[in-house]
Amino acid sequence: MTFPLFSPGDDPGPSFAALLTRVGMDPPVPTHAVEGVTHGTTVVAVRYADGVLMAGDRRATSGNLIAHRAMEKVFPADRYSGVAIAGAAGPAMEMVKLFQLQLEHYEKVEGTHLSLEGKANQLAQMVRSHLPAAMQGMVVVPLFAGYDLRRGAGRLFQYDVTGGRYEETGFATTGSGSLHAGTVIKLGYREGLDRATVIDLAINALFQAADEDSATGGPDLVRGIYPTMATITIDGFTPLTEAEVAEHFRALVDRLSTPESTSTSGAAPTMGDDQS
Amino acid sequence: MSMPFYVPPEQVMKDRAEFARKNIARGRPLVAGSFAGGILLCAENSSGILHKVSEIYDRIAFAGVGRYSEFDSLRIAGIRAADLKGYSYSREDVDARSLSNQYAQILNNVFTHEMKPMEVEILVAEVGAAPAQDEIFRIPYDGSVVDEPMFSALGGEAEAIAERLGSTWNVEADLATALRAAVAALIGTEDRTLGPAELEVAVLERSNGRRAFRRLEDDEVQSLLGQPAS
């Protein structure tokens with residue numbers, strides 16, 4: 001590896017992606033469709049009083065098979081922002097890794113943070129440059145959320161496969177279970193929810209998505225695998241502990257298992273063996 | 001075209017070294033050293049924006065004295081080299097020693113082949129789990145690498161400052177003690193004071209999580225120095 005010292009005329013600037021291109025370490029673009037790629041699914045982001053909550057299920061599928069049970073889909077992008085991914089797992093993880101590096105690289109080279117708007121645009125460019133791979137079956141559609149220190153508010157963005165960037169005021173979902181998860185959040189969403197309520201809402205959304213979509217994983221009480229969740233507030237990106245998520249899940253399961261719900265037509269979604 | 005006069009190589013090297021040394025010595029000095037909580041980097045710098053000390057990677061910091069544009073381009077190249085290495089291998093594989101060697105190659109190459117040597121002296125520091133595992137490398141304009149145990153001084157009057165540090169520096173000291181020792185060494189026998197406005201202070205903290213580098217704001221420097229607010 002040669003030492004990356006460039007003359008002022010062809011300096012790649014503070015962009016790590018441009019640096020990779022400059023040193024010939026660009027990822028290759030697939031020329032044929034790729035079959036049987038591992039996919040990760042349903043992630044959600046919801047604004048609430050203190051900032052934004054991000055949550056994702058843990059399942060990765062490969063066709064009709066479950067490829068991983070404990071995949072992480074919610075990541076810190078930097079101290080005040082997070083990214084959640086759905087789509088082809090390999091390229092998605094690579095995109096997150098590059099995005100994290102991109103933000104840190106900019107911060108170190110320039111000596112200052114990118115604005116939240118700038119970070120969201122960076123991710124849009126990365127999704128857009130991924131389009132050729134998406135056309136070959138490796139679609140990656142992320143969610144981006146962060147705490148905007150200049151505005152003093154949480155903000156969230158969703159993307160489409162062409163790199164379109166859409167800021168949402170309330171919530172956003174992506175992945176195969178996003179239709180169901182989105183509906184649940186839509187019904188329960190109000191402006192300025194408190195932390196506990198928004199966690200319950202996101203957990204309910206993921207639970208209902210898992211109930212309707214085979215590619216979305218529900219809580220795995222046997223192995224103790226629960227969705228990954230994180231809050232992004234003025235204190236930065238903070239993952240929720242597994243114990244806290246588990247507790248909210250048990251509350252949901254208890255609520256859904258009451259006689260009132262089981263007496264209606266069709267069994268309520270329960271966790272199996274704890275049905276009395 | 002006229003024939004250039006013959007100049008013996010010894011004379012060329014001597015002239016270049018003298019040119020670089022003279023210009024570096026004009027700059028304000030900088031000290032770095034291990035203390036109990038990490039590595040302290042303290043520079044005389046009246047600008048709050050043009051930094052002499054900065055972050056390279058998780059546990060690695062960079063400091064430079066001399067011509068700003070030259071050491072800043074070296075700083076950016078170092079960040080690029082470290083980020084590229086961490087990206088293609090792993091974050092643990094990025095180390096100060098290999099980075100220092102790369103810097104040395106560049107400086108040596110410029111010193112012997114270019115019209116003008118770089119008028120810089122740089123420092124690469126990597127914080128370890130304990131002061132004994134800290135690494136501090138000083139790389140002067142000619143691309144030699146000096147492995148400095150415990151502490152190092154760069155820039156104008158570096159030798160005198162290093163001598164003063166030698167008699168006061170203690171790797172078991174806390175941050176406040178280390179900073180006071182560093183500032184005292186910078187001042188030396190001169191009749192002047194150095195306040196937060198004239199200092200640029202940063203630490204590589206052993207217990208700061210993944211990214212060890214942290215800049216100290218003026219308020220914190222003030223309280224560590226124990227001086228009344230100006």
Side-chain angles (χ1 to χ4, degrees), chain A residues 1-28 75-82 90-91 93-114 122 126 129 149 230 235-239, chain B residues 47-58 60-62 68-91 93-94 98-110 114 118 120 122 139 143 200 202 208-215:
Chain A
M1 207 180 289
T2 52
F3 197 63
L5 187 65
F6 303 104
S7 64
D10 64 354
D11 193 283
S15 164
F16 188 70
L19 175 64
L20 283 181
T21 309
R22 197 63 189 63
V23 298
M25 280 170 68
D26 257 349
F75 302 91
D78 67 358
R79 190 152 173 235
Y80 290 103
S81 64
M93 306 281 248
E94 177 69 13
M95 191 182 284
V96 170
K97 186 180 166 188
L98 261 176
F99 185 51
Q100 289 171 329
L101 259 171
Q102 176 86 327
L103 299 187
E104 192 183 313
H105 190 75
Y106 181 95
E107 193 186 318
K108 289 191 291 192
V109 170
E110 294 288 306
T112 171
H113 292 273
L114 267 175
Q122 274 289 316
M126 292 177 78
S129 65
L149 292 164
D235 299 321
F237 181 99
T238 322
Chain B
S47 168
I49 305 157
L50 302 175
H51 297 301
K52 287 182 170 179
V53 177
S54 46
E55 176 185 20
I56 290 272
Y57 210 63
D58 295 350
I60 303 174
F62 172 95
Y68 177 80
S69 63
E70 289 182 348
F71 70 71
D72 199 57
S73 72
L74 289 173
R75 172 187 74 90
I76 293 172
I79 293 170
R80 286 180 179 148
D83 276 347
L84 281 174
K85 194 174 180 191
Y87 173 71
S88 35
Y89 302 107
S90 108
R91 298 199 80 91
D93 297 315
V94 180
S98 124
L99 188 63
S100 304
N101 287 339
Q102 284 182 298
Y103 274 134
Q105 295 295 330
I106 293 293
L107 285 169
N108 178 46
N109 211 38
V110 172
E114 302 286 326
M118 281 190 167
V120 297
I122 60 173
I139 307 144
E200 180 186 352
N208 203 20
R210 178 170 71 81
R211 289 171 77 178
F213 186 85
R214 182 169 76 84
R215 279 186 199 290

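Order of the sequence lines sets the chain letters (A, B, ...), proteins ahead of strands, with each chain counted from 1. FYI, side chains are in, hydrogens and waters are out, and symmetry mates aren't considered; it's all heavy atoms of this structure.
Interface remark: A:Pro8 contributes no atoms to any contact with chain B (heavy atom separation under 4.5 Å). Of the two parts of B:Asn109, neither the backbone nor the side chain holds a non-hydrogen atom closer than 4.5 Å to a non-hydrogen atom of chain A. The part of A:Glu94 that comes within reach of chain B is its side chain, from C-beta onward, which places non-hydrogen atoms under 4.5 angstrom from that chain. At a 4.5 Å heavy-atom cutoff, the contact between B:Ser73 and chain A is made by backbone and side-chain atoms alike.
Here the CG atom belonging to A:Asp11 is positioned 6.5 Å from the CD1 atom belonging to B:Ile76, to the nearest 0.5 angstrom. Distance check, rounded to the nearest 0.5 Å: CG of A:Leu5 to CG of B:Leu74 gives 6.5 Å. Within the model, atoms OH of B:Tyr87 and CG of A:Leu20 stand 5.5 Å from one another, a figure rounded to the nearest 0.5 Å.
Note on B:Arg91 versus A:Glu104: salt bridge recorded, some NZ/NE/NH1/NH2 to OD/OE distance being below 4.0 Å.
Judged by distance alone, with hydrogens and angles left aside, the side-chain atoms of B:Arg80 form no donor-acceptor pair with the main-chain N or O of A:His105 at under 3.5 Å. With hydrogens and angles ignored, the 3.5 Å screen pairs a side-chain donor or acceptor of A:Lys108 with a backbone N or O of B:Ile56.
B:Asp93 meets the salt bridge (Lys or Arg N to Asp or Glu O under 4.0 Å) test with no other residue; sequence neighbours excluded. Residues satisfying the side-chain hydrogen bond (donor to acceptor under 3.5 Å, both in side chains) test with A:Asp235, not counting sequence neighbours, are none.
Looking only at heavy-atom pairs under 4.5 Å with chain A, the residue among B:Arg75, B:Arg215, B:Gln105, B:His51 that has the most is B:Arg75.
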Show your reasoning for whether side chain to side chain contact (heavy atoms under 4.5 Å, CB included) applies to B:Arg211 and A:Glu107. CA-CA 12 Å; B:Arg211 289 171 77 178; A:Glu107 193 186 318; 3.0 Å; yes
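Across B:Gly78 and A:Phe3, no two heavy atoms sit closer than the pair N-CZ, 4.1 Å.
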